[in-house]
Amino acid sequence: MSKIGRWFFSLLLCSLPAWAELEFFQFADKTTVGLEETFQLSVVVSDAPSNAQLELPSSNDFEILSRSQSTQLQYRTGSDFQKEQRYLFVLRAKKEGRLLIPSAFLKIGKNTYRTETVAVHVVRSQTANTPSLKGGPSQKAPLIPRSDSDLFIQMTLDKSSAYVGEQVLLSLQAYSRTANINIESLSMPTLKGFLSEDIELSWPLLTERKSVDGVSYYATTLKKRALFAIQSGSYTVEPATADFVVGQLFRVREVRRESNALTLEINALPHSAGNLPVGQWKLELKAPQGTFVVGQPVELVLTLQGTGNVKDLPPLELLFPNTFRTFQPTVQTNTQIVDNKLLGSRSMQYVAIPQEAGNFTVPAVKFDYFNAETAKVDSTQTSPLTLVVLPGAADPLPGNMLAPNTPPNPHLLEQEIHPVRHKAQLAPPPVPLVEKNIYWIFFALPLSLRLLGMLSRFALAQIRPSQKRQQRQQEKATILKIETLLNELKTNPSVTAFSQLGKNLAAFLELKLGFSPQGLTQEQLHSKMQEQGLPDVLCQQVLYILGECDAARFGNAPPHPQSTDWVCTTMLHVLKEWP
């Protein structure tokens, strides 16, 4: 736009009140509202001079929740402009009946203008924030309280009715007209009759803008909890309270707000469901691929995951064949929040050691539960698992795995019949021994052997003491480690100490017996120790200590304190009585 155009446009704006026509009125967007419902009142002033004085309507029958002002310039037919000022109020009635919004006044010099009054019919039942039907959320939108409308807290449930044990999400949110608020303390209701699980929220707390009945608020989620009812009936969730610090710099003040109360209907489970867990669950069994060897640990993980109270689930058991040596499983429980639902998983890690070769089957595991969404009893189960166990290095082959071996014909042995020679071997007569060069070596052989023997005895005399000395040093170091671990077990019986004790005992046996016990079953190790001439009582004590160490290692938990004392006493006895 050129300078002349901008000057002409400014001249028009300055001269606007000289020819524009005044407009002054007010209106409401609703004439019939509920007692708790909000509505909007607009006061419009068009083409008012700069010296005009506006008096907005005021009434004790209505509560002003928010106010705003806007100005716009419009071009009208006839080549003139209209300047409009609009004042917007969000109101809520304080009582029922036919109420009047008073007139607004506009004073220009000696003249006074007024608008028409606005009649509003206020009823009790009509509201946009009524509780939802059974099965849906308890409240679709928060209700703005009559007082403290600039800052309030609201508590909601994601459903108004549920089954016993079904998850119900409780949320507490703070609504503020300003963003600069700080929460000092928060007190949640006691929630008697429920098992509750706090849902971890991100920090700092996330804040979003929400419009409630036309009023803009900053909504901050303060707390979320997953509730699981223990018994059926009608429950009342008491209000929560929160202390806030609002304002800036020297205008800071502390305020306390109390939320609304809630009601929740808990329905009993059908007779067919009994005391089954409630939710949606899935079982999964993980096992390593391939074959296994006798004495090799096999790790299986049984996982149950889904929605519901994972901490109150009944125990699950994985059954192994009798030929497997089993330990207590290691249990891990995890929870997470996805789409405002508490998801959980329980994993049980089993360790089993096969004692025999062959094909073995781990039976399927079945888990029954009540599906609250379909109101039916469902089940989930794993598939049977086949484990192929091969013999170890010291294991005899089972009958179905013997290598083919064709025995000789018994009839031929009885008749002493030998195979017919089918190929002739012709050779010249042998040369006499005295004519061979090797004949003269026999004269020097005795002297050479005697000399070699003397050298061998001298070398062994130098080597054997060194080897024996080194073995004795290793035995002393191993015994010292074992005694140190025993002292540690008496004060701190940890899984790591038991695992180290098992490894050092295996090293001690390897030094004393000349073979490693790794990969041997208890029966094989017992047989080999007896072959070395060890007493049976000493063999049983060694097997007992190794068994307790394996139980602590694979069960991920130390034995009972009394069992720990027995292990320490028995280990000292083995070291003392070892031949």
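Side-chain atoms of L186 and L172, non-hydrogen and from C-beta on, do get closer than 4.5 Å to each other. Put simply, the side chain of L505 reaches to within 4.5 Å of the side chain of M571, judged on heavy atoms. Taking the side chain as every heavy atom from C-beta outward, L170 and L262 approach each other to under 4.5 Å. With contacts defined as side-chain heavy-atom distances shorter than 4.5 Å, the pair N267/S232 does not qualify. At a threshold of 4.5 Å between non-hydrogen side-chain atoms, the residues W281 and V310 count as touching.
The environment of CG in D536 is crowded: more than 12 heavy-atom neighbours from other residues, nucleotides or ligands sit within 6.0 Å. Within a 6.0 Å sphere centred on CD of Q296, heavy atoms belonging to other residues, nucleotides or ligands number more than 12. Heavy-atom neighbours of N492 CG from other residues, nucleotides or ligands within 6.0 Å: above the threshold of 12. Within 6.0 Å of CD in Q328 there are 12 or fewer heavy atoms belonging to other residues, nucleotides or ligands. Surrounding NZ of K512 are more than 12 heavy atoms belonging to other residues, nucleotides or ligands, all under 6.0 Å away.
With values rounded to the nearest 0.5 angstrom, L157 atom CG is found 12.5 Å from R225 atom CZ. For the atom pair CG of L302 and OH of Y350, the computed distance is 6.0 Å after rounding to the nearest 0.5 Å. Here the CD1-CD distance, from I479 to E483, works out to 7.0 Å after rounding to the nearest 0.5 Å. In this structure, OG1 on T333 lies 8.0 Å from CG on L313, to the nearest 0.5 angstrom.
Remark: the backbone N or O of E510 is not paired with any side-chain donor or acceptor of S516 at under 3.5 angstrom. Side-chain atoms of K159 come within 3.5 Å of backbone atoms of Q167 as a donor-acceptor pair (strictly under, hydrogens ignored). Between the side chain of Q355 and the main chain of I353, a donor-acceptor pair closer than 3.5 Å is present. Side chain of T570 to main chain of W566: a donor-acceptor pair is present (N/O by atom type, distance under 3.5 Å, no hydrogens or angles). With hydrogens and angles ignored, the 3.5 Å screen pairs a side-chain donor or acceptor of T484 with a backbone N or O of L480.
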Would V278 and V164 satisfy side-chain contact (heavy atoms from CB on, under 4.5 Å), going step by step from the backbone distance to the final call?
CA-CA 8 Å; V278 180; V164 173; over 6 Å; no
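The closest side-chain donor-acceptor pair between N504 and T478, if any, does not fall under 3.5 angstrom. Neither side chain, T156 nor S171, offers a donor N or O lying under 3.5 Å from an acceptor on the other.
Nearest heavy-atom pair, D368 versus P277, reported as atom, atom and distance to 0.1 Å: O-CD, 3.7 Å.
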